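Here is the structure we will look at, set down as structure tokens.
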Amino acid sequence: MKNQEIARIFSEMADILEIKGDNPFKIRAYRRAALNIEGLSRSVEDLSRDELLEIPGIGEELAAKIEEYIGTGAIHAHDKLKGEIPSGLLSLLAVPGLGPKTARQIFEQRHIASIDDLERAAREHKLAGIPGIQKKTEENILKGIATVQQGHERRPLGRVLPLALDLVEELRKRARFGAIEIAGSIRRRKETCKDIDIVATSPAPEEAMKAFITLPAVEQIIMHGPTRSSVVISDGLQVDLRVVAEESFGAALAYLTGSKGHNVRLRDMAVKQGLKINEYGIFREKDEARLGGAKEEDVYRLLGLPFIPPEMREDQGEVEAALAGRLPQLISQADIRGDLHVHSRWSDGGHTIEELVAAAKARGLSYLAITDHSQGLGVAHGLTVERLMAQKQEIAALNIQLTGFTILHGTEMDIKSDGSLDFPDQALKELDLVIASIHSGFKQTKEQITTRIIKAMKNPYVSIIAHPTGRLIGERDPYEVEMDDILRVAADTGTAIEINAYPLRLDLNDSHARRAKELGVPLVINTDTHSISQFDTLPYGIAIARRAWLEKGDVLNTLAVKDLRKRLKGNKGLGIN
DNA sequence: GCCGTTTTCGGCCCGACTGTTTTCAGTCG
């Protein structure tokens, strides 16, 4: 996908323009374009000129540059800009606290254009004396370099969200708080987050801030003011706390939830309506009269917009959809009626089918598909055809005893490296549903892997493709796959694609899932449970679905089991409705 | 460079905190 490459180029062009001191609005235009291309659900290669122009923040000039890149593999204006500053100077911008103005000064006055040289100069106090730099700035630069070297990568939502909830609980124990909410990218449920933003009210703001900066987990205080403080906690994660008055809580929550692009859009709309939005409220421009701000809804209502759910606030067309009254009714966890991807002790799961059923019932589900691994996956104790048939008997017997709950019998069948399927059709047609997925040959070419998956989808018994890119966030890159081709074939064959809720998978991701919806691909949200606690990862799958603008009707396992059987591709099974 | 029920030209979101300053620029979110 060229999107990431083009986004990186636009972002780099913005950096260079900033170092050069170019028009700030032009710089912002490049940054906005970069962000929006990065979050796009389709590859720019597949878009016509008109479709490119529909992307927020892309006009004639940038559309032409995108086309130039697709055609020639380079953008002339980018190469030209790169020639105007020394290579290496850009790398200085990676140091937190060191921006374009200072970087430029450092280069012009000391001819420093690498982080190594910068570190040496700071240690030897050779930066002091540059306008605006004294001892303290040298120290901060050294701290910033340490942060860069430690690696400040984004972390999976599945790690950061529980950590954030713990911090909130800890804060409540240590100081008096009124409202307290996690904001930022965690609230938008981005799949990875680089910091934790908390917004709160307190009857004793100073006490609240004090409690925050003295939390046991705090390793470094970046800044500490009366309404805002930032710290770094033990594992290198930055945490920001904002404390505001009750009348401002909603405005602050909206502001700190972002995204930045979304906020800019709202504020822009406000200005045009003679209003002003900041983190303290919504005000009338002419007399500064406060119109609202206690509730987040105020912000949207006063702009004449319906409430936009946090997961959609990415400046990816949600403002336009809201204006047109076309906001989707996002799916919620309560809509999910069953889980279609569950492993039992028959393969590599930790529990018996009965235990899994009890856990699913306790969570309000009304059906479950037992989908143990197939024979080829030896490490997971995959089932032979004989064991699969024995399992079928067990499930049939259990179903007779159950009321108001149905166990579907399925398999998670391996798509083997050579593209063949691990069970013969005669076995597959005995099942209620068939998941096919890849567990080997990750290093194959994009064409090979795409072909393997497409071949599986063309099998009439394959109902679902699970975790279609195989990624493990932060641990294993997705394998190369032409997702748009996969999704088109899925739509043609009626094969469902899974959103795997396991926090390190989240596969499909949000932008692929949004594209799937556009193409009319049926989707399912599954936990891929191997142990009972994993049922509780469902909210992460829901989060991805909501970020993809999915509605209840887009997801098959919101259906009652009877209707699910009608919609799932493959054998309708012999089971009980 | 984008964008338009105020505009096709002239606007473009807003504030906290820090360090280095004698009143503010730079950076960040």
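Predicted model only: the values in this text are computed from it and were never measured. Reminder, nothing fancy here: chain letters follow the sequence lines and each chain counts from 1. All values below were derived from every heavy atom in this structure, side-chain atoms included, with hydrogens, water molecules and symmetry-related copies excluded.
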Base, sugar-phosphate, or nothing for [X], non-hydrogen atoms under 4.0 angstrom?
| X | result |
| --- | --- |
| A:Asp195 | nothing |
| A:Tyr255 | base |
| A:Ile27 | nothing |
| A:Leu256 | nothing |
| A:Lys136 | sugar-phosphate |
| A:Pro100 | sugar-phosphate |
| A:Leu98 | sugar-phosphate |
| A:Asn278 | sugar-phosphate |
| A:Arg265 | nothing |

So, do [X] and [Y] sit near enough that their side-chain heavy atoms are less than 4.5 Å apart?
| X | Y | value |
| --- | --- | --- |
| A:Val264 | A:Arg32 | no |
| A:Leu256 | A:Asp240 | no |
| A:Arg547 | A:Lys190 | yes |
| A:Glu296 | A:Thr257 | yes |
| A:Ile37 | A:Ile58 | yes |

* Applying side-chain hydrogen bond (donor to acceptor under 3.5 Å, both in side chains), name anything that partners A:Asn3, two or more places apart in sequence or on another chain. =>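 A:Asn3: no side-chain hydrogen bond (donor to acceptor under 3.5 Å, both in side chains) contacts found.
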* With sequence neighbours left out, what residues match A:Asn500 under side-chain hydrogen bond (donor to acceptor under 3.5 Å, both in side chains)? ->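 Only A:Glu498, A:Asp528 meet the side-chain hydrogen bond (donor to acceptor under 3.5 Å, both in side chains) criterion with A:Asn500.
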* To do: Provide the Watson-Crick or G-U wobble partner of B:dG29, both distances under 3.5 Å; none if there is no partner.
  =>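 For B:dG29, the partner nucleotide comes out as B:dC14, under the 3.5 Å rule.
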* Within 45° cone and under 6.0 Å: A:Arg313 NZ/CZ vs A:Phe307 ring ->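 Yes, a cation-pi geometry.
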* To do: Give the first and the last nucleotide of DNA chain B, reading 5' to 3', that has any atom under 4.0 Å from a heavy atom of chain A.
  =>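 Nucleotide range in contact with chain A: B:dG1 to B:dG29.
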Nearest-angstrom distance, [atom1] atom, [N] to [M]:
| N | M | atom1 | result |
| --- | --- | --- | --- |
| B:dT21 | B:dA25 | P | 13 Å |
| B:dC3 | B:dT8 | C1' | 9 Å |
| B:dG26 | B:dT22 | P | 13 Å |
| B:dA16 | B:dG10 | P | 33 Å |
| B:dT6 | B:dC12 | C1' | 15 Å |
| B:dC17 | B:dT7 | C1' | 37 Å |

* Electrostatic pair A:Glu518:A:Arg515 at N-O distance under 4.0 angstrom ->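 Between A:Arg515 and A:Glu518 there is a salt bridge, with a charged N closer than 4.0 Å to a carboxylate O.
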* Is there any ring-ring contact (aromatic ring centres under 6.0 Å, His included) pair reaching into residues 29-83 of chain A, and which pairs are they, with sequence neighbours excluded? ->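 For residues 29-83 of chain A: A:Phe10-A:Tyr30.
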Quick one, which residues of [range] touch DNA chain B with a heavy atom under 4.0 Å?
| range | result |
| --- | --- |
| residues 60-71 of chain A | A:Glu60, A:Glu61, A:Leu62, A:Lys65 |
| residues 220-227 of chain A | A:Met223, A:His224, A:Gly225, A:Pro226, A:Thr227 |
| residues 202-219 of chain A | none |
| residues 106-125 of chain A | none |

* Closer to the 5' end of DNA chain B via nearest nucleotide, is it A:Tyr280 or A:Pro131? ->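 By nearest-heavy-atom nucleotide position, the 5'-most residue is A:Tyr280.
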* Could you say whether A:Lys272 or A:Glu279 is positioned toward the 5' end of DNA chain B, judged by the nucleotide with the nearest heavy atom to each? =>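 The residue closer to the strand's 5' end, by nearest nucleotide, is A:Lys272.
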* Sort and list the pairs that fulfil side-chain hydrogen bond (donor to acceptor under 3.5 Å, both in side chains) and have at least one residue in residues 319-330 of chain A, not counting sequence neighbours. =>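 Matches after skipping sequence neighbours: A:Arg265-A:Glu320.
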* To do: Using the test side-chain contact (heavy atoms from CB on, under 4.5 Å), find all partners of A:Glu288 that sit at least two apart in sequence or belong to another chain.
  =>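 Per chain and number, A:Glu288 pairs via side-chain contact (heavy atoms from CB on, under 4.5 Å) with A:Lys276.
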* **Worked verdict on A:Tyr255 versus A:Asn278 for side-chain contact (heavy atoms from CB on, under 4.5 Å)** => CA-CA 7 Å; A:Tyr255 165 69; A:Asn278 57 30; over 6 Å; no
* Given A:Asp15, which of A:Arg31, A:Lys20, A:Arg104, A:Arg8 fulfils the salt bridge (charged side-chain N to carboxylate O under 4.0 Å, His left out) condition? ->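 Going through A:Arg31, A:Lys20, A:Arg104, A:Arg8 one by one, the salt bridge (charged side-chain N to carboxylate O under 4.0 Å, His left out) with A:Asp15 is satisfied by A:Arg31 alone.
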* Taking only residues at least two apart or on different chains, which pairs with a member in residues 199-227 of chain A satisfy salt bridge (Lys or Arg N to Asp or Glu O under 4.0 Å)? ->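 Qualifying pairs, neighbours excluded: A:Arg176-A:Glu207.
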* Hey, could you give me each pair passing salt bridge (Lys or Arg N to Asp or Glu O under 4.0 Å) that has a residue in residues 71-83 of chain A? Not counting sequence neighbours. =>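 Qualifying pairs, neighbours excluded: A:Lys80-A:Glu84.
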* To do: Would you please test A:Glu551 and A:Leu330 for side-chain contact (heavy atoms from CB on, under 4.5 Å) and show each step?
  => CA-CA 5 Å; A:Glu551 301 176 277; A:Leu330 296 186; 5.5 Å; no
